[in-house]
Each structure stands twice: as C-alpha cells, then as structure tokens.
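Comments concern the structure below.
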Amino acid sequence: MDADVIVVGAGPVGLFLAAELELAGAGALVLERRETPSTETKARGLGALATEALRRRGLGDRLAEADVAGTKDLARDHGSTLGHFAGIHKIVPDPDRPRTNIWQPELERLLAEHASGVRVLRGHDVTALESDVDGVAVTAGGREWRAKYLVGCDGGRSTVRKLAGFGFPGTPALLRTIAGCVRFAGDVPPGGRYAAGTFMSGGSMAGVSEPAGPEREGPVTPDELAASIARVTGRQVTVEEVRDGRRFGDQARQADTYRRGRVFLAGDAAHVHSPSGGQGLNLGIPDAANLGWKLGAVIRGDKPEGFLDTYTRERHPAAEAVLRNTRAQSALLAPGPHVDALREIVAELMDLPEANRFFADLMSGVRHRYALPYPAPAPAGEHCPDLELVDGSGRKTRLHEHTRTGRGLLLTTEHPADPRIDVVEAANTGPLLLRPDGVIAWAGEGPLDVALDTWF
Ligand SMILES: Cc1cc2nc3c(=O)[nH]c(=O)nc-3n(C[C@H](O)[C@H](O)[C@H](O)COP(=O)(O)OP(=O)(O)OC[C@H]3O[C@@H](n4cnc5c(N)ncnc54)[C@H](O)[C@@H]3O)c2cc1C
C-alpha cells in the first residue's frame, strides 16, 4: 500500500480532506493532474459552514485577513455586500454564522499550507482505476498506486466518478454564462435584465447570461463576448481584451451515491450546480469534514466498515437541498416578462424580516439537519456555530479554540471525562456533544451513551 487513502485532486476539497485524514491518523496521498496550482478565480466566497469548518482547524485568522480585501472587491463588482438570491441582493448576513469573502486561488494557497504535512504529487493524472475487496489501485504518472480507500475530489468532470461507475443524474443547463475581466472601447450598455438575457457589468467584471446553446470549448474570445452582449442587449460593443474568461452553465447533477465499495466522491465530483449564491464549497468542504474523521475511525479499527455509509446518508440530502435552490434561482434568472414579475414579488418578500432570514438560512445551509440514527431533537443533527463558551470562573473562549485536535468534544459542567473525546467546561451553552465535523450529536435529551457509542 502507498497510503491508507488516495485523494485524487488537490483542489480545495482534496486538500482539506487530506489534512483531515492526517489529523484522524490516516495516511493520505494526493494525486493531482496539474503541474502548478490553478489561478482561476472561480469562487470568491466561502459560506458559513465551510468557514466554520476551516475555523475549527485554526484557519480563522487567515480567513478574517482575506475577508477584508475580498469584501472590498465584492462591493466594487456587485455594488453590494449583501447576500443574494438569483441576483436579488437583499439578504442580510447572520452575524452568528459569518461567511468569508476570499478568492479561490488564495483559499487554495492557504489550504496547501494547512495540508503541508501531506504528500501531494503534482503532474499525476489519474487515468485508470481498479478496486477489489482489499483495496483500490489507480494509474497516474506512469505507475500504479494502491491504498485501502480512494476519494475522488477531482471536480465536476470527475474521472474517478466515471471510472468507478457512479450514476450522475440531474438536469441539463437552462442558462449559460460567459464572463471575465473585460476591457471595452467606447460605449457600454447598462447592466441589467434584457428581453434575451442578462448583461452583468460592474467593477472589473462583465458577463452575459442567456438561454443555453451548444457548449463551446477553448478560451473566451473578445469577439465571442461582444457577440453575446449584442444578442442580449441589442447593442454593438467593442471588447478589446478578456482576461480570466470563463464559461459555465447551470446544469444541476448529483452522484446517485457517494460511496461505491472502497471509492468515495466529495466536492464537485459528487455534485454540480449553478454558482449562483456561491455554494459549491459550502457543500464540498463539509463533505470533506464529514468523510475525513469517519475514514480515520475505520482505518484505526475503531469503527466497522458499515460506518462509512453514514457519509452518503448525511451528505447526499445536503447537496439535494442546494440543487433545489440553484434550480429555483435559474428559473428566476431566465429572461422574460413573466420572470420579471416573479422577481419583483420575490424581492418584495425578501423585505419581510422573517422571509429575509429564511433566504439567509437557505443559502448558508445552517438549518440543514442530518437525520441521526437515534431520537434527538434539534439542534442535534445541525452544525454547531462558533459559540462563545464561558466556564465556571467566567473565563471566555470560542469553540474553535478547542477543536484543533479533530476529536469529539463534550461541552458540559457535570459529565465525567471519557477517553474517546475531549471535555470542555461550558456553563453557558447547556450540554452538547460535538462530532469532529462540528455536528451536534447530542444536546442534553436522551442518553449520552447512545450518541457516544454511535459516533466514537
Ligand atoms: C464562476 C464560478 C464561480 C464560483 N463561485 C463560487 C463561490 O463564490 N463560492 C463557492 O463556494 N463556490 C463557487 N464556485 C464553485 C467552486 O469553484 C467549486 O465548488 C470548487 O472549485 C470545488 O472544489 P473541488 O476541490 O471539489 O474541485 P476543483 O476545484 O475542480 O478541483 C479538482 C482538482 O482535481 C484535479 N483533477 C481533475 N481530474 C484529475 C485526474 N484525473 N487526476 C488527478 N487530478 C485531477 C484538477 O486539476 C483540480 O485541481 C464557483 C464556480 C464557478 C465556475
């Protein structure tokens, strides 16, 4: 065996998963196709659940630093720092569940440092995969690599997903967008909704979204973007330069299961959807957080193989919820007067505080609950926020200061220590048992032993 777990792909999800595996005592090897890290500026924001997952491992200060510049850039490009649903920028951020404005290349740099103890082999394109009862073998970089388990974190066009025979059902693209950092010459029409699509223009970015036609490959060209702007706005423009151009659709697909035997999928390899609202990494990072400690527990021999089935059971519904809201956003982004009317009504609804909160929770995923295999009322099954903790002597700390070990954590004033988990005195929260992925496993109702035995 070359490792306990081979992770295919050193994108943000693969890097975070590899670090989680090492923390859980499993040896990870990352195989990455690219010779150098990607500089593509895809994501510019991390949702609350992804932010909290990274904070739990001590990356909070770095995220907070990046957020200052990221928030400035957001205001420049979107004219608002409020959250949005289908481009309706009205969602008031929840101060208890902050997101982070950070560009993806910077995030990947930060995660590469975080995973610096892991062996990452670049220039290793995985092209073949075989799995048997003892392990998994892949071909990359001219040789075979073997491990007990393999996780495909190799993005939306995942080779692992195809080679291992996962189904990937869903809906095709309704809209296609081309965008980039654009230099125009002469007059530019105003940004906004037009009869044939939407022209987005603000700050350094410009782009067009219109009903999906045939897919194109290759770099975005100035002529292609100018033609698209002319189709949508009816105005001829001169595009002198497009930098960092990209095309993307809003197809919404999800792997039918996230585990086939010894092969798992995480991140975009498991689910793709429109980037509207910036939710991809708010799924992918929690996928990695969910799978890492579970694989560690099975590899250490603390848990049986069947434990790994809880990964699909918990994470598949989380992505289903995001696919649902991105499909709804696509319907609201389509051109036409009927959609204009619907958008006006949704915008009015979002002015109601309770509805605004509903949209905030929908987009952050913080109210999504896992179905636990024992009776446990909410908040059990939800991800725990980065609580302030006050001990018996009045000393204040934050939850993230106690979670670097990657172990389970009991917040309590009265329960005795248990060697399987860490125990922290907290007089202000009520008793809470947290899993290594920040999920509340028990909140004081029902027997603690059942929750402890289930997860540890
Ligand atoms: C325009 C745009 C804007 C977005 N904005 C946001 C946002 O604001 N917030 C947000 O959360 N998300 C956003 N997203 C989505 C986000 O970028 C993705 O969810 C994220 O990149 C997924 O990370 P990943 O690690 O799963 O996959 P990827 O980032 O795709 O990484 C996969 C890695 O696997 C490697 N690889 C692929 N095939 C192989 C192979 N055969 N062998 C070895 N290595 C391989 C690739 O080279 C790559 O390094 C946006 C996406 C787009 C397109």
Side-chain angles (χ1 to χ4, degrees), residues 6-18 29-51 53-54 70 73-74 77-78 83-84 99-108 111-112 115 120-129 138-141 145 150-164 173 176-181 200 205 207 209 220 244-251 255 265-288 291 319 322 326 363-365:
I6 291 175
V7 175
V8 182
V13 175
L15 289 170
F16 187 63
L17 175 64
L29 167 67
V30 182
L31 301 175
E32 163 59 46
R33 165 192 285 167
R34 297 178 58 93
E35 295 283 354
T36 53
S38 167
T39 53
E40 254 190 281
T41 52
K42 294 195 290 186
R44 64 183 306 159
L46 271 185
L49 297 178
T51 297
L54 269 46
D73 290 354
L74 190 68
D77 295 339
H78 284 193
H84 75 90
R99 24 182 312 124
T100 307
N101 294 313
I102 180 170
W103 290 101
Q104 189 155 336
E106 190 170 353
L107 173 71
E108 291 190 26
L111 288 172
V120 179
L121 298 180
R122 293 194 161 274
H124 282 64
D125 186 9
V126 169
T127 52
L129 182 157
V138 289
T139 307
W145 304 86
L150 180 126
V151 189
C153 298
D154 51 344
R157 296 174 187 221
S158 170
T159 306
V160 170
R161 188 179 68 225
K162 290 168 198 152
L163 291 174
R176 268 193 213 295
T177 302
I178 54 175
C181 297
M200 293 153 287
M205 312 281 291
S209 155
V220 173
D244 202 13
R246 80 285 303 262
R247 301 185 193 84
F248 51 89
D250 57 359
Q251 61 273 25
L265 299 176
D268 279 16
H271 35 72
V272 296
H273 50 79
S274 144
S276 195
Q279 302 171 86
L281 288 166
N282 205 39
L283 280 178
I285 296 288
D287 286 349
L291 183 57
V322 170
T326 54
M363 299 301 281
S364 67

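All ligand and atom numbering here is 1-based and tracks the order in the structure. These numbers come from a predicted model, not from an experiment. Residues take their numbers from the sequence shown, with the count starting at 1.
Here is the list of ligand 1 atoms found below 4.0 Å of a heavy atom in Arg34: 47 (O). Within ligand 1, counting atoms from 1 as listed, the ones closer than 4.0 Å to a heavy atom of Phe248 are 1 (C). With ligand atoms numbered from 1 in the order given, ligand 1 contributes 26 (O) to contacts under 4.0 Å with heavy atoms of Gly267. Heavy-atom contacts of His124 reach the following atoms of ligand 1: 42 (N), 43 (C) (cutoff under 4.0 Å). Every atom of ligand 1 is numbered from 1 in the order shown, and the set under 4.0 Å from a heavy atom of Leu31 is 43 (C), 44 (N). Residue Asp125 approaches ligand 1 through these ligand atoms, each under 4.0 Å from one of its heavy atoms: 40 (C), 41 (N), 42 (N). Interface of Arg246 with ligand 1, defined as ligand atoms under 4.0 Å from a residue heavy atom, comprises 1 (C).
Here the protein heavy atom with the shortest distance to atom 13 (C) of ligand 1 is Ala43 CB, 3.4 Å. The shortest contact between atom 26 (O) of ligand 1 and any protein heavy atom is with Asp268 N, 3.0 Å. Nearest protein heavy-atom contact of atom 44 (N) of ligand 1 is Arg33 N, 3.0 Å. Glu32 OE1, 3.5 Å is the protein heavy atom nearest to atom 48 (C) of ligand 1. The protein heavy atom nearest to atom 24 (P) of ligand 1 is Val13 CG2, 3.8 Å. Protein heavy atom closest to atom 21 (O) of ligand 1, with residue, atom name and distance, is Gln104 NE2, 2.9 Å. Looking at atom 30 (O) of ligand 1, its nearest protein heavy atom turns out to be Gly155 CA, 3.5 Å. Looking from atom 36 (N) of ligand 1 to the surrounding protein, the closest heavy atom is Asp154 CB, 3.8 Å.
The two atoms that bring His78 and Arg44 nearest to each other are NE2-NH1, 4.3 Å, heavy atoms only. Contact record, Glu40 with Gln104: O-CB, 4.2 Å, taken as the closest heavy-atom pair. Nearest heavy-atom pair across Phe16 and Ala53 is CZ-O, 3.9 Å.
Taking any N or O of Thr159, backbone or side chain, at least one lies under 3.5 Å from an N or O belonging to ligand 1. In terms of polar-atom proximity, Arg44 is counted as a contact of ligand 1, with an N or O under 3.5 Å from an N or O of the ligand. The distance criterion of under 3.5 Å between nitrogen or oxygen atoms is met by Leu281 with respect to ligand 1.
With hydrogens and angles ignored, the 3.5 Å screen pairs a side-chain donor or acceptor of Asn282 with a backbone N or O of Ala50. Between the side chain of Arg246 and the backbone N or O of Asp244, at least one donor-acceptor pair lies under 3.5 Å.
Distances from atom 32 (C) of ligand 1 to the heavy atoms of Gly9, Ser158, Cys153 show the closest one on Cys153. Evaluated by nearest non-hydrogen atom to atom 53 (C) of ligand 1, the leading choice among Arg247, His273, Lys42, Arg161 is Lys42. Taking only non-hydrogen atoms, the option from Ser276, Pro275, Gly11, Gly284 nearest to atom 2 (C) of ligand 1 is Pro275.
Distances shorter than 4.0 angstrom do not occur between any heavy atom of Leu46 and any atom of ligand 1. The closest approach between a heavy atom of Gly45 and any atom of ligand 1 is below 4.0 Å.
With Val30 as reference, Val120 is the one residue of Leu121, Val120, Ile6, Val151 to meet the side-chain contact (heavy atoms from CB on, under 4.5 Å) rule. The side-chain contact (heavy atoms from CB on, under 4.5 Å) test with Val13 is passed by exactly one of Asp154, Asp268, Leu281: Leu281.
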